[in-house]
Amino acid sequence: MAKFNRYLITAALPYANGPVHIGHLAGCYLPADIYVRYLRAKKADVKFIGGTDEHGVPILIKALKEGVTPQDIVDKYHKIISESLSDMGISFDIFSRTTKQIHHETAAAFFKKMYDDGLFEEKETEQFYDEVAKVFLADRYIVGTCPKCGNPGAYGDQCERCGTSLSPDDLISPRSTLSDAVPVKKKTKHWYMPLQNYEPFLKEWLLEGHKEWKNNVYGQCKSWLDSGLQSRAMTRDSEWGIKVPLPDAEGKVLYVWFDAPIGYISATKELTPHWEDYWCKEDTKLVHFIGKDNIVFHCIIFPSMLKAHGGFVLPENVPANEFLNIEGDKISTSRNWAVWVHDYVKDFPGQEDIMRYVLCATAPETKDNDFSWKDFQQRNNSELTAIYSNFVYRTMVLVHKYCNGKVPPFHMDVKDEVDDKLLSDLLESKKKIEDALENYRFREALAEVINVARLGNVFLQGKAPWTLAKMQEENQKLIDNCLHLCLQLTANLAILSNPFMPGTSKKICHMLKVVDRMLEWENAGSLKLVNTGYPMREPQYLFTNIEDDKIQEQVEKLHAGLVKPVEAAPAPEAAPVKEDIQYDDFAKLDLRVGTIIEAEKVKKADKLLKLLVDIGTEKRTVVSGIALHYSPEEIIGKQVTLVANLAPRKMKGIDSQGMILMAEDAGGKLVFVNPDVQTAPGSEVR
RNA sequence: UGUGAGGUAGAGCAGUGGUAGCUCGUCGGGCUCAUAACCCGAAGGUCAGAGGUUCGAAUCCUCUCCUCGCUACCA
């Protein structure tokens, strides 16, 4: 740590088109805040930067749909998001927004510098355009029928049903999601950043220089670099965003992923005139806290931008977390499967520390993790209440009972090895916590904090002052020593848990009547935090048990809020009937009834089943794309209709001798077309 | 399709070649200052599966299975 004289900590800018949920907290805001509070307690020079990301197409679209301006949307969500985060004690030094003037200027200047240095490629391409809504459409905003699986709700970049990567050109009957118009191709010019030019730099800086990064982050970056980078457009056609600062750039804005990370710089500028100390001096440690969805932008693209522009420090680490699930299911804002932060602070006022604790304890640090209300209750009741709060409470009660509510003296003459052990255990825990925090292992650090409370309970149990008190006069010295140490340990707990649960630490300070300055990290491990003879306040509970009904209420609320997916997307009308054919055309088809006698999945193909079909005279091997609708076991013995004279075709190396007829509904569900009753295999269909 | 991360006791995790560990939960005991809280103890695991290297494998190699992500114009 000696290498660095100041810290610049950023947390991903939440996108201002909706509120934040606990997945956001667990993924980046909470770990960032814990890290920052720890650094502040160490009296480090640190700035904690955040803000809302307010540009981009989704905001524009949301505004169009709601009939308001994009500014209305971002104003609304900036307010909700910043209040939610501040309610949870996320202690940004500044929480800015990318629609601010200072950011527009900073981002535009950044772009201009790169442009002037000749670092962009100018390319003209054809993009899809919605002539009704008068906007260019990202692939995502075009829907149509998937050519592979027939899903009528496939997006222009991917079909979510069969997982195929698509381009809008592949879609059958593409439509704009905005206006339903048929997209047309239109020429447009953009500025591309040739990321491939930065490969040598990235390989050396990241792959060679930062092997200590988390597995998930490092692996992801290595995967990108190994497969080779390519040019990426840094501008978009849109009215909502930062205008491209060039003369011939009407209707062009910066790509949100170009402007958003520059938001960290703009916000620092807004915060302090000394912003350059944090961004441009080599002895600054820059750390980006993000969720795993942001890895490439923060580890590949933004560092390349910083390098290209020149004069900026590069991130020292990017400790991205994985995703948090809720009650076993992915968080989904569109289905409203989420625990919203603004709901939590309303339903559990003054109990932010419980959620901070639970989210840190179950944070998805190495893999996706699950949040459940049952777990929330259990951790509160058995860890925070039973171990932590209870230790502090019983200490306070005993001090009031046997020591008149004042810090008892410590008598050196009756000190024993158990007392010494307590101190050495405490120092060891402190070291473990520091080590874990400095290496972004927040779960581990927090577990060790609880362990300190556990040490207290073991100590208290072993000394049993309530037993000593049966002969209080002769044992007073022993009682004093025990409770003196328990009080010092309580004060230590306040320091050690402060980064995680600042509200709780404050409560302890209040009870012990000490000033907040005691919470400075260098005081941890000291046994001189409260002074002999000093009176304490009345005991108070730091945490109380949460009853089943309160948890039940939350679970019900979660399920009640769940929005059922709209059945089969915007159910398109049945496909129009094709043009007439003559009987002879039809007669060319040889359709037979067959019985499936064997079925197995085709390896390395999600959708294919290999079938053996008995058509009386022979048995045919047929590969059919029905694996998503039928399992092999359930179809053996079923009768089907087979196109028997279809030219054989190899699929996945298997010769498919025919095709099974399927009926498909508007939602894309496939069912067999088969005889009404069992019919002899080989029967002709006409 | 390729690729990244992950798969260890009922749950959540640690463990990179040498007797499988921690927390919660469960069960038994102790204590009574404390919020049915605390303390002590026990049960519970063919370390996803198969094969290989090794005196020895959760750990190294190969293959397979499962979960989640990425695959470049969603942010």
Side-chain angles (χ1 to χ4, degrees), chain A residues 12-15 17 53 55-59 61 125 127-128 136-142 155-158 163-165 167-168 190 195 214-224 226-233 236-237 255-257 260 291-297 300-301 322-323 325 330 361-362 364-370 372 374-375 378-379 381-383 385-387 389-402 441 443-444 447 450-451 453-454 456-469 482-483 486 539 541-545 603-606:
Chain A
L13 306 185
Y15 198 58
N17 72 340
D53 175 10
H55 294 130
V57 183
I59 283 169
I61 288 173
T125 56
Q127 298 283 318
F128 283 96
F136 278 91
L137 297 164
D139 293 355
R140 189 78 196 179
Y141 296 107
I142 299 173
Y155 295 109
D157 55 349
Q158 192 189 33
T164 315
S165 288
S167 91
H190 284 293
L195 291 170
K214 289 172 61 169
N215 283 348
N216 55 339
V217 178
Y218 187 89
Q220 183 77 210
C221 294
K222 186 166 188 312
S223 167
W224 271 67
D226 286 350
S227 57
L229 302 180
Q230 49 189 268
S231 293
R232 190 173 178 118
R236 291 289 184 275
D237 290 291
Y255 176 37
V256 280
W257 272 113
K292 68 172 162 182
D293 49 337
N294 275 348
I295 289 173
V296 285
F297 297 103
I300 306 273
I301 299 177
E322 301 282 299
F323 286 153
N325 293 331
K330 276 192 234 198
T362 60
E365 286 181 9
T366 55
K367 62 170 182 190
D368 289 0
N369 233 343
D370 196 41
S372 77
K374 194 74 203 157
D375 183 60
Q378 204 161 69
R379 285 187 183 275
N381 292 3
S382 66
E383 295 171 23
T385 305
I387 304 209
S389 173
N390 188 40
F391 167 68
V392 174
Y393 189 76
R394 59 202 294 221
T395 295
M396 294 301 290
V397 167
L398 290 166
V399 167
H400 278 87
K401 211 160 177 165
Y402 302 132
R441 298 193 306 262
R443 277 191 317 214
E444 188 184 323
I450 293 298
N451 202 41
R454 191 173 283 116
N457 280 318
V458 172
F459 178 78
L460 201 49
Q461 193 70 26
K463 295 277 179 176
W466 49 89
T467 306
L468 295 172
C482 169
L483 294 177
C486 284
Y541 289 150
L542 297 175
F543 297 97
T544 55
N545 278 320
K603 282 187 182 150
K604 302 210 178 215
D606 297 339

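The sequence lines fix the lettering, A, B, ..., with proteins before strands; numbering per chain opens at 1.
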> Return the value, rounded to whole Å, for the distance between atom CD of A/Q378 and atom P of B/G25.
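It is 6 Å, rounded to the nearest whole Å.
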> How far, in whole Å, is B/A36 from B/G30 if one measures between their C1' atoms?
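Here B/G30 and B/A36 have their C1' atoms 16 Å from each other.
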> Measuring only the C1' atom in each nucleotide, how far is B/G10 from B/A75? A whole number of Å is fine.
39 Å
> Between A/K367 and B/G12, does any side-chain N or O lie under 4.0 Å from OP1 or OP2?
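No, no such contact exists.
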> Determine the interatomic distance between P on B/A50 and the same-named atom on B/U8; round to the nearest Å.
16 Å
> It should be established whether A/N17 places a side-chain nitrogen or oxygen under 4.0 Å from OP1 or OP2 of nucleotide B/C74.
no
> Using both distances under 3.5 Å as the test, list the Watson-Crick or G-U wobble partner of B/C60, or none.
B/G52
> Does a nitrogen or oxygen in the side chain of A/K463 sit under 4.0 Å from OP1 or OP2 of B/C39?
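Negative; the distance criterion is not met.
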> It should be established whether A/Y541 places a side-chain nitrogen or oxygen under 4.0 Å from OP1 or OP2 of nucleotide B/U35.
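For A/Y541, the contact criterion (side-chain N or O under 4.0 Å from OP1 or OP2 of B/U35) is met.
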> Between A/N381 (CG) and B/C24 (C1'), how many Å, whole number?
12 Å
> Got a donor-acceptor contact below 3.5 angstrom from the A/Y402 side chain to the A/V397 backbone?
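Answer holds: no.
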> When the P atoms of B/G51 and B/A58 are compared, how many Å lie between them, rounded to an integer?
14 Å
> Just how far, in rounded Å, is C1' of B/G7 from CG of A/D370?
16 Å
> Whole angstrom is fine here: how far is it from CD1 in A/I387 over to P in B/C39?
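Going from A/I387 (CD1) to B/C39 (P), I get 6 Å.
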> Please name the nucleotide paired to B/C47 by Watson-Crick or G-U wobble geometry with both distances under 3.5 Å, or report none.
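None - no nucleotide pairs with B/C47, as no candidate has both distances under 3.5 Å.
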> For A/E322 and A/N216, test the side chains for any donor-to-acceptor distance below 3.5 angstrom and give the result as yes or no.
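Yes - a donor-acceptor pair under 3.5 Å links their side chains.
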> Measuring only the P atom in each nucleotide, how far is B/U54 from B/U59? A whole number of Å is fine.
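Comparing P positions in B/U54 and B/U59 gives a spacing of 16 Å.
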> For the P atoms, the ones on B/A5 and on B/U23, what distance do you get once it is rounded to whole angstrom?
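Taking atom P in both B/A5 and B/U23, they lie 30 Å apart.
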> With both distances under 3.5 angstrom, what nucleotide forms a Watson-Crick or G-U wobble pair with B/A20?
none
> Regarding B/C13, can its base be found pairing with the side chain of A/E444 as donor and acceptor, where the two atoms are less than 3.5 Å apart?
no
> Who does B/A5 pair with, Watson-Crick or G-U, both distances under 3.5 Å?
B/U67
> Between the base of B/A34 and the side chain of A/N390, is there any donor-acceptor pair under 3.5 Å?
yes
> Side chains of A/T366 and A/N215, heavy atoms from C-beta outward: is any pair under 4.5 Å?
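In short, these two side chains do not touch, never coming nearer than 4.5 Å.
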> If I pick the C1' atom on B/A43 and the same atom on B/G28, what distance separates them, to the nearest angstrom?
10 Å
